[in-house]
Amino acid sequence: MGKREQPYARVSRTPLASAVRWALIAATLAGSGTAIAQTAEPAAPATTQSTEDATTLDTVSVLGSRGQPRTVSSSAVPIDIISAEEFRNQGATDALDQLRVLVPSFNVSTIPIDDAASLVRPANLRGLPPDNTLVLVNGKRFHRSAVITFLGHGLSDGSQGPDLSVFPSMALEQVEVLRDGAAAQYGSDAIAGVVNFGLKKISEGGAFEAFAGQYYEGDGFTTQYSAQIGLPLTANGYATFTAEWRNADATSRSVQRDDAAAAIAAGYPGVPVPAQIWGSPEVNDDLKFVANLGITGESVDLYLFGNYAKRDVDGGFYFRDPTARSGVYSNDGGETLLIGNTTGVGTCPTIALRDANGNLIPYSTVSAAVSALPSNCFTFLSTLPGGFTPRFGGSLEDLSVVGGIKGMWGNGWHWDASVTYGRNDIDFTIYNTVNASLGAAQPEGLRFSPGGNTQTEKGVNFDVGTDFETSFTVQPLRLSAGAEWREESFEVKAGDGPSTAIGPLTQQGFALGSNGFNGFSPRTAGEWDRKNWAVYLDLEAQFTEQLLLAAAVRHEDFDDFGSTTNGKLTARFDVSDTFALRGAYNTGFRAPTPGQANISQISTAFNGSVLEDIATLPPTNPIAILKGARALTPEESKNLSLGMVWSSGDWLVTVDGYRIEVEDRIALSTSFALTPAERDALVASGNPEAASLSSVTYFGNAFDTTTTGVDLVTSVETAHFGGKTTYSLAVNWNKTEVDRYDANFINEARVYKIEESLPKTKGYFSVNHQREVFHANLRLGYYGSWYEDHLDSGAITIEDGGLPIYEDSKLIVDAEVGWTFPSGLYVNVGAQNLFDETPDDNPWGASVAGAAYPVHSPYGFNGGFYYARVGWKF
């Protein structure tokens, strides 16, 4: 397995290496984190050194340190370093799932039916939202995705984090996770920590690989092909190109819904079995490409890297019951059929759907009444008698480019100038649905294009640094400073006409817009941007051979809400050659995104036990203001960490505790019901989309939290079983408490989800054995007990209408064996979730929405997955 905390490193001491160190990480504080060995070293001449050798010799880090690269065991705050081989040698093909099983404090679930969250899944580091974790590539800030998580099951509601799944794993040299606040170094978002993806740089050779696997249930078949080539770029440079293509079939872990079964029993034709699919969405043409180029000159280095990715995702949605769905089939709870008068002339009769005892009237009786309707009377029971289940997805495209130049001035001043550009674009698709207000005039194929979102980020960064000889430090005093300018924009693209149309039947109670996910109307479409600049200063001093102290300060100004200043203090005291104490204190912030401040969207979600059309509105919208919305302000945080490191021989043990206080957290409010009078007033005042709304929600700063936790990481290398055998243990205990909340914004059920929806304890024990051409990996993953508010019912107890699920702890076993031959050929076979563990059966499965298991299990609900990987390195 890859090194968690590597006690040995080879560090270049050349001036150029120092230049790279100063330049690579903007506003980084000594001893507060990690960066990959590759970024710690200067761009080297063409080399054929293997990835395995590079990982073993160069596992050092400058992430969080403006000074010299440090091994993890010598850093002042906790970090995980995951080698490329450990990252890739498992059954998961998505970077989110790969991190989930390797980093105990990192959580992500399957997200089967959650609007855009199905396309870009939200992930949580240390129990905080996705946009509280900063992502870097080669030490440079990576842009966030265009997806805002509207349905994040409490914890991630309203977050807009980056898309980690756009990187092919073959392109990575190693992945580092800094488990400490770092906003004073990097700016907004780095409250929970930092994830850095370090790219490979090779100037010759390459690899090709084929992967295939599927779940024990026989679905979710996945194929993936990867290729990499390294080319010389002049005599002192490299050009490394990596491409990956993947297809993944959908999965289904569903049971038939009771309402669908009742409709079938009553004779309704065409009801799907199962009516609703809960599972991983289908992923088609998932293409990923990464380029990493660099040239080392006599006085300056040039570098250029970037990525391009695209994929099509097709997922499930909620079933529309032909005997009850409001706005389409019935508006009185399923007592009578919703019938529209298409001409306004004459009247339409009432058709009952249930008898006096509340039982469904046989379809033959209802159908006969529908057939006898006058020609001006319309009902969807005549065209879609079995109801319908929309399919929702989209096409996602991601692009980034980073270019820079770095070198030296005079006597030891290092500098780095870079520009960055990132763009994430998504176009949504929903089909097998209707715009009910249009009546029979539906688009061909019942397919709608609701529009999309685009997130674009640009940046310019300049860093300088030098070392000063002093009389009060045992090593030169390290100073670094820099300035940064960034522009961030968010665009909402209007949907096609049918997806946004307010049809002629709207005033008769038929829902407007594409049912399930309304199109973005031209009135709410637009582009919003924000600019900000920052300056920062870092100092690091080794006062004695035992004591390291460092300080950082960053001032940042935003053109929409003003400025903020944040700082960090770090210390490390080496008690002996084998034992050290370390700690840090920092303040941080996260700025509200332009998307959170401006987006409008109407989607369908469960509110209690029924489906409703809920509008998510910007806090400046008149409807949101009516319900108490205010302009967004930044989140503010305080982060304290204390820990110890013990390293002796082949043993390494680290224990780190942390406390993260976040004030004015930004999230979506609970839904506020609209009265008929409010709806009418809003329509009359120029808000026609309010005609079919049941409730609204908006973004706001409404609660404070304190997250406390402890990380234990230990590893030892042995010669057991006739080869090199490494044992690793990593455990995280994490607890979040809501200290203050606005009861008018969120309720107790939401608070309970924030505090209880993730396991408080998660960890793994792994054994990696290598002998000659053979290797074997065994990983035991432990997930503590957790809670799910099924379908976001909005209540904690059954008596109050809640759908609570309490799951016990679970042990998940992963196993892999493989052979790597001298010719470069390698073969790996294995199983993820070897013993096919799933959560307990969903107690509300058939009675509500048809999910066989709790849908937000931290280890998934698809069960065991077996796979094979064959490749060739040349």
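Quick note: numbers below take in every heavy atom, side chains included, and nothing from hydrogens, waters or symmetry partners.
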Would you mind writing out the side-chain donor-acceptor pairs for residues 804-813 within the sub-3.5 Å range, not counting sequence neighbours?
from: Glu807; atom 1: OE1; to: Asp840; atom 2: N; distance (Å): 3.2
from: Glu807; atom 1: OE2; to: Asp840; atom 2: N; distance (Å): 3.2
from: Lys810; atom 1: NZ; to: Thr838; atom 2: O; distance (Å): 3.2

For this session: Kindly write out the residues that satisfy salt bridge (charged side-chain N to carboxylate O under 4.0 Å, His left out) with Arg253, not counting sequence neighbours, or none if the list is empty.
Result: Asp219

Problem set entry | Residues that Lys288 engages under side-chain hydrogen bond (donor to acceptor under 3.5 Å, both in side chains), provided they are two or more places apart | Glu244

For this session: Tell me, please, which residues at least two apart from Asp841 pass side-chain hydrogen bond (donor to acceptor under 3.5 Å, both in side chains).
Result: none

For this session: Mind checking side-chain contact (heavy atoms from CB on, under 4.5 Å) for Thr222 and listing every partner two or more places apart, or none if nothing turns up?
Result: Thr93, Phe211, Arg246, Ala248, Phe865

Exercise. Can you list every pair that meets salt bridge (charged side-chain N to carboxylate O under 4.0 Å, His left out) and has a residue in residues 266-285, with sequence neighbours left out?
Worked result: none

For this session: For Tyr783, enumerate each residue passing the side-chain hydrogen bond (donor to acceptor under 3.5 Å, both in side chains) test, keeping only those at least two apart in sequence or located in another chain.
Result: Arg100

Exercise. Who are the side-chain contact (heavy atoms from CB on, under 4.5 Å) partners of Glu491, not counting sequence neighbours?
Worked result: Thr454, Lys493, Glu527

Problem set entry | Derivation and outcome, side chain to side chain contact (heavy atoms under 4.5 Å, CB included), residues Val283 and Asn247 | CA-CA 6 Å; Val283 180; Asn247 266 6; over 6 Å; no

For this session: Only counting residues at least two apart or in another chain, list the ones meeting side-chain contact (heavy atoms from CB on, under 4.5 Å) with Phe208.
Result: Tyr225, Ala227

Problem set entry | Residues that Arg144 engages under salt bridge (charged side-chain N to carboxylate O under 4.0 Å, His left out), provided they are two or more places apart | Asp189, Glu457, Glu488

Exercise. Can you name the residues that form a side-chain hydrogen bond (donor to acceptor under 3.5 Å, both in side chains) with Thr133, not counting sequence neighbours?
Worked result: none

Seminar exercise, completed: For Pro385, the side-chain contact (heavy atoms from CB on, under 4.5 Å) test, sequence neighbours excluded, returns Pro269, Tyr363

